[in-house]
Amino acid sequence: MNTITIPDEMELVYSKPETITDTPLHYCPGCTHGVIHRVLMEVVNEMGIAEQTVGVAPVGCSVFAYNYMNIDMQEAAHGRASAVATGIRRVLPEKYVFSYQGDGDLAAIGTAETIHSVNRGENILIVFVNNGIYGMTGGQMAPTTLLGMVTSTTPFGREQSAMGYPIKMTDLVAQLPGAYYVTRQAAYTAATVRKLKKAIEKAFQFQTRKKGTCFIEVVSNCPSGWKMTPIEANDWLEKNMLPMYPLGDLKVPKE
Amino acid sequence: MIRGTVHIETEICKGCELCIAACPQDSLALSSNINRKGYRYVELVQDNCTGCVNCALVCPDSAITVFRQSKSAVRKIVSASV
Ligand SMILES: Cc1ncc(C[n+]2csc(CCOP(=O)(O)OP(=O)(O)O)c2C)c(N)n1
Ligand code: SF4
Ligand code: SF4
């Protein structure tokens, strides 16, 4: 921990939580993965559940999430994070268990695991980071890629006749009886980050009720894969991703 | 006006500029210097920060710590001005 002296007559109002390690993130400049990691860990820190929480990291850019989140973490094979989280939560039912997964991970290779974990109503939180692209492997089209969106495998834009439609995983899982709390959030402005934090807080609180799966989609950016500066990427996200993936709750528990 | 300030971990900063866009006070800008990784880092360029925390919330690398004038200091100033 670097020590920072508090300036005279000032008080500390915001600093990185203890649950985020000092390891510098390997993510590209401006990538929302870092923001989502921190918000998750802020909630864990503020709820005082760092010792009782187990995270499951995916394959994708966030494969090294376990280096950054200062809690017990488990790495899963590509797409299988919700299945691994299922096992952990069933063996250790008093732990708070979450999986952290990209859209290539959760909505392509892991579609079956995702749908069945939620349909079984596993008492886990699934954090779904949707940047509409395979970031780690070089910006290929994902199932979530928007129509017309240029990626390294759709150089002329995604075309419906050949590549189908973008899949709305969050809308799909919200239909399942095992889903307890389903919401779509973002992390590209201070206001969206604040809302995301509230959603994550709720999801962790709901886990103790053992009533089913909490699912939080975070509409995210990938400046490198989208070939934009971070500021351009966030503008593009707002204008293009949000109309397709509108923010808000899709399923909230009746109290 | 409430006064605040930020501490920016310049060796961690990747110069993504998201904090600059998030700051309602235009307090932040890219430095003309670079850090050891080769990034132009962000620095506080105006003494008008209010400690609103916006910059820290959007920083992906958790490089920003925010401070705000403490209540007792605010009280001191208020009582001095009456
Ligand atoms: C079984 C298997 N198939 C394919 C890959 C290659 N692979 C690594 S990451 C990835 C996609 C990652 O995309 P996403 O989940 O959207 O995460 P992002 O990198 O965008 O955060 C793929 C296909 C792999 N590692 N393992
Ligand atoms: S490739 Fe995209 S998702 Fe991966 S770290 Fe870079 S910006 Fe983030
Ligand atoms: S705390 Fe608010 S006012 Fe101060 S630099 Fe950050 S965004 Fe600007």
Side-chain angles (χ1 to χ4, degrees), chain A residues 1-39 41-42 61-62 68 186-197 220-221 223-224 228-235 237-238, chain B residues 2-25 28-30 34-42 44 47 49-80:
Chain A
M1 220 27 214
N2 294 313
T3 43
I4 303 168
T5 35
I6 300 182
D8 282 349
E9 315 233 299
M10 296 260 177
E11 57 194 15
L12 179 67
V13 282
Y14 189 90
S15 67
K16 166 179 96 157
E18 282 164 30
T19 37
I20 286 283
T21 64
D22 286 337
T23 313
L25 304 182
H26 71 282
Y27 301 116
C28 307
C31 175
T32 21
H33 271 307
V35 178
I36 304 165
H37 285 18
R38 188 184 63 242
V39 177
M41 288 301 103
E42 265 174 34
C61 281
S62 47
Y68 311 132
Y188 71 106
T189 57
T192 50
V193 171
R194 288 194 175 93
K195 282 195 185 147
L196 171 65
K197 185 170 173 184
S220 300
N221 68 16
S224 298
M228 295 174 196
T229 66
I231 290 182
E232 287 165 359
N234 283 353
D235 280 349
L237 180 159
E238 188 170 78
Chain B
I2 295 283
R3 282 171 41 82
T5 191
V6 293
H7 171 91
I8 298 164
E9 210 58 61
T10 53
E11 285 304 322
I12 294 278
C13 176
K14 294 173 181 161
C16 73
E17 302 184 54
L18 293 181
C19 55
I20 299 177
C23 177
Q25 295 286 97
L28 305 170
L30 276 189
I34 56 168
N35 64 17
R36 254 177 284 169
K37 291 226 175 83
Y39 292 115
R40 283 177 68 189
Y41 52 83
V42 166
L44 194 65
D47 192 18
C49 169
T50 59
C52 73
V53 180
N54 279 6
C55 55
L57 291 182
V58 299
C59 177
D61 292 273
S62 302
I64 306 181
T65 308
V66 185
F67 303 95
R68 200 182 295 146
Q69 199 170 31
S70 57
K71 296 228 171 63
S72 57
V74 178
R75 244 178 269 126
K76 250 186 258 165
I77 293 172
V78 172
S79 54

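Reminder, nothing fancy here: chain letters follow the sequence lines and each chain counts from 1.
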Check your understanding: What distance do A:Tyr188 atom OH and B:Leu18 atom CG have between them, rounded to the nearest 0.5 Å?
Key -> 12.5 Å
Revision key, fill the gap. Bottom line for B:Cys52: the part with an atom under 4.5 Å from chain A's heavy atoms is backbone
Review point. With only heavy atoms counted, which part of B:Ile64 is less than 4.5 Å from chain A, the side chain, the backbone, both or neither?
Key: backbone
Point to revise | Atom pair CE (A:Met10) and NE2 (B:His7), whose distance is rounded to the nearest 0.5 Å | key: 14.5 Å
Practice item. Name the region of B:Ala22, side chain, backbone, both or neither, that has any atom closer than 4.5 Å to a heavy atom of chain A. Key: neither
Review point. More than 12 non-hydrogen atoms from neighbouring residues, nucleotides or ligands closer than 6.0 Å to CD on A:Glu18, yes or no?
Key: no
Exercise for review: Find the distance between OG (A:Ser15) and CD (B:Glu9) and round it off to the nearest 0.5 Å.
Suggested key: 11.5 Å
Review point. Tell me, side chain or backbone of A:Asn234 under 4.5 Å from chain B's heavy atoms, or both, or neither?
Key: side chain
Practice item. Measure the CG-CD1 distance between B:Asp61 and A:Ile20 for me, rounded to the nearest 0.5 Å. Key: 10.5 Å
Exercise for review: Return the option, out of A:Lys197, A:Arg194, A:His37, with the maximum number of heavy-atom pairs under 4.5 Å with chain B.
Suggested key: A:Arg194
Review point. What part of A:Thr23 gets closer than 4.5 Å to chain B, counting heavy atoms only: side chain, backbone, both or neither?
Key: neither
Point to revise | Contact origin within A:Thr32 toward chain B - heavy atom pairs under 4.5 Å | key: neither
Check your understanding: OG1/A:Thr5 to CZ/B:Phe67 distance, rounded to the nearest 0.5 angstrom?
Key -> 7.5 Å
Check your understanding: Just how far is it from atom CG of B:Asn54 to atom OH of A:Tyr14, taken to the nearest 0.5 Å?
Key -> 11.5 Å
Exercise for review: Using modelled atom types only, decide if a donor and an acceptor are shared between the side chain of A:Arg38 and the backbone of B:Cys59 within a distance under 3.5 Å.
Suggested key: yes
Check your understanding: Excluding sequence neighbours, so at least two apart, what forms side chain to side chain donor-acceptor pair (under 3.5 Å) with A:Ser62?
Key -> none
Review point. With respect to chain A, which residue among B:Cys16, B:Gly15, B:Cys19 yields the maximal number of heavy-atom pairs within a distance under 4.5 Å?
Key: B:Cys16
Exercise for review: Dump the intermediate steps for side-chain contact (heavy atoms from CB on, under 4.5 Å) on A:Val35 and B:Val58, then the final yes or no.
Suggested key: CA-CA 6 Å; A:Val35 178; B:Val58 299; 5.6 Å; no
